[in-house]
Amino acid sequence: MSRTEQLTHAKGAEGKKRGRWLALSVLVLAVLLVAVDATVLGLATPALSEDLKPSGTQLLWIGDIYSFVIAGLLVSMGSLGDRIGRKKLLLVGATAFGAVSVLNAYATSPEMMIVARALLGVAGATLMPSTLALIRNIFHDPKERSLAIGIWGATASAGAAVGPVVGGALLQHFWWGSVFLINLPVMIVLVIVGIKLLPESKNPVAGPWDLFSVALSLVGIIGVVYAVKQVATHGMGWEVWAAAVIGAGALYTFVRRQFALTSPLLDMRLFKHRGFSGAVLADLLTVFGLSGLVFFLSQFLQLVQGRDPLEAGLAELPAAIGAVVTGLVAGKYARKYGVRVIVTGGLAAIGIALAALTVIHKETGYPLLGAALLVVGLGAGFSFTVTADVILSSVPKEQAGSASAVSETAYELGAALGIALLGSVVTGVYQGFTAPASVSGPVADAAHESLGGAVEAAKSLDPQTAEQMVGAAQVAFVDGLRLASGVGAAVLLATAVAAWFLLKGQELQEGIEH
């Protein structure tokens, strides 16, 4: 090869490398928006409620339907991307996400808002598995892919944490619909740049898309997630049992059907790979600990310590900072020290941080809370990033969409379980608090429903009685939070032990390359 040919080859290789990272920048835009959108609505809820006047049930559906639909469709959309092309699905989904964001912003009734949020969930479900699957197909070098996954995971963590901060800033100057309209310019850039930079990839022998499996997956996951979430707030009523039974039945039928199909929506044989199954379990329970902690500390910071929503959002940033920092170096350290050391260490760090919160009280200073959040973020960044890498590298790249969807579904289920199961512990302890003797009837019922309900109900009482009731409610909430932290710590530490055995011999360099 002549000197000129060598230079031309080197420039071509450098151009391809630069193109990979530019393509990644497009993918993380999509991840950022989906992550922000999952948390940004929380702060807008009071203004939205005042404008649209939804009932209590409608307000719950406005808040939950987005995550329900995303969780239910992730596996189906990951499989669809394998069949029709991940780039095509991503760009169509991004366009739909932008258009439906406008519908959300200008909703004029609770019913319209619920439908708009559900449609936004459909669009969001196309984005997350497509981004991770494209990373699997763009980055063939394992070390580069680990860094790319680290950036992807760090962006998701940062987006979830930045959501409340962005929402708080927008709501200080604009109406509640502005939290949705910020999606538009980002989606326009994503589509225009993505058309040029993203390569297309799909499974050339994927077979037909089984619509009955799609329906079973949707019904099964939504049923289970709905039941788990309802347990935390309303206990085990007949409708919760019904949702759980229908969901579990649909998932059982889904699994049986996948084994029978020649072209399954999800290849269940993937779970026979010990590293794959161990990574999925660690993935799910990492998010279990992270989401449960952040959710209940949000209430603690606002309703017990009296911080405003924006201040509470900023107070939780150490979790995101920790996840970003370790997410970017997780692959490097997993190669140096071993996958199971890093994942086990990450899970143990989350467990230890949760254990530290078993000693908090109303006057606990921010240093302990901030340190716990930082350690949780550091642990989650290590564990979540490495497990995502293991899940992707355990399958052929033609099945990257399905594997990515499994990782994302584990994330959604982990978030639901963290809030619901730890929430049921907090609620069980909280509802036992004793209100002042003069408080009874609807006011007492509202106060025992939740800490937020107690604070709201206290506004109708005289100042002395209100102070007594809110004080008793806060003590009960903190008692519940301490117990839930202990339960969460036990679960995470037990998972760390399980991961040590399940991930034995697992290395990031392993995996099927084609």
Side-chain angles (χ1 to χ4, degrees), residues 6-37 77-78 81-82 84-98 101 123-124 126-160 162 166 182-202 320 323-325 327-332 381 384-385 388-389 392-393 397-398 400-401 403-404 407-408 508 513-514:
Q6 288 176 340
L7 288 172
T8 302
H9 179 76
K11 286 181 180 179
E14 182 63 30
K16 286 183 178 179
K17 184 174 182 179
R18 187 164 57 247
R20 291 198 293 276
W21 296 107
L22 287 172
L24 178 65
S25 68
V26 176
L27 298 177
V28 298
L29 278 179
V31 173
L32 184 65
L33 273 186
V34 175
V36 167
D37 223 76
M77 291 303 180
D82 286 342
I84 69 170
R86 291 118 190 178
K87 174 182 177 178
K88 184 185 297 181
L89 185 65
L90 178 69
L91 296 179
V92 169
T95 304
F97 199 91
S101 293
T126 68
L127 300 178
M128 294 300 279
S130 296
T131 57
L132 199 51
L134 283 165
I135 287 173
R136 172 72 172 84
N137 282 269
I138 291 171
F139 292 91
H140 300 291
D141 178 79
K143 291 183 179 179
E144 282 192 349
R145 186 167 64 237
S146 293
L147 179 57
I149 292 171
I151 294 170
W152 175 88
T155 305
S157 300
V162 166
V166 171
I182 59 169
N183 296 341
L184 277 179
V186 181
M187 282 303 176
I188 290 170
V189 172
L190 191 159
V191 172
I192 292 174
V193 180
I195 290 173
K196 180 175 178 60
L197 289 180
L198 293 176
E200 185 57 282
S201 66
K202 61 182 178 179
V324 169
V325 170
L328 295 176
V329 299
K332 176 182 176 181
F384 182 67
T385 304
D389 203 339
L392 277 185
S393 63
K397 64 181 182 180
E398 288 79 12
S404 304
S407 177
E408 289 301 313
L508 289 187
E513 291 286 342
H514 290 278

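- Residues that satisfy the side chain to side chain contact (heavy atoms under 4.5 Å, CB included) test with Ile151, not counting sequence neighbours, are Trp21, Leu24, Val28, Leu147, Thr155, Leu328.
- For Ile188, the side chain to side chain contact (heavy atoms under 4.5 Å, CB included) partners at least two apart in sequence or on another chain are Ile192.
- Leu184 and Gly98 make their closest contact through CD2-O, 3.3 Å (heavy atoms, listed as atom of the first residue, atom of the second, distance).
- The CG atom of Leu90 sits 6.5 Å away from the CG atom of Leu198 when rounded to the nearest 0.5 Å.
- Between Ile138 atom CD1 and Lys87 atom NZ the span is 10.0 Å, to the nearest 0.5 Å.
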Worked check of side chain to side chain contact (heavy atoms under 4.5 Å, CB included) between Ile84 and Leu89: CA-CA 7 Å; Ile84 69 170; Leu89 185 65; 4.3 Å; yes
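- Contact detail for Leu127 and Gly93: the closest heavy-atom pair is CD2-C, 3.9 Å.
- The minimum heavy-atom distance between Ser101 and Asn183, with the atom names listed, is OG-ND2, 2.8 Å.
- Ala388 is linked by a side chain to side chain contact (heavy atoms under 4.5 Å, CB included) to Ile149, Ser407, counting only residues two or more places apart in sequence or in another chain.
- Atom-to-atom distance recorded for Met187:CE and Ile182:CD1 is 10.5 Å, nearest 0.5 angstrom.
- If you take CH2 on Trp152 and OG1 on Thr131, they are separated by 6.0 Å, rounding to the nearest 0.5 Å.
- Arg86 places no side-chain N or O within 3.5 Å of a backbone atom of Leu134 that could act as its donor or acceptor partner.
- Looking at residues two or more places apart in sequence or on another chain, you find a side chain to side chain contact (heavy atoms under 4.5 Å, CB included) between Ala123 and Ala96, Phe97.
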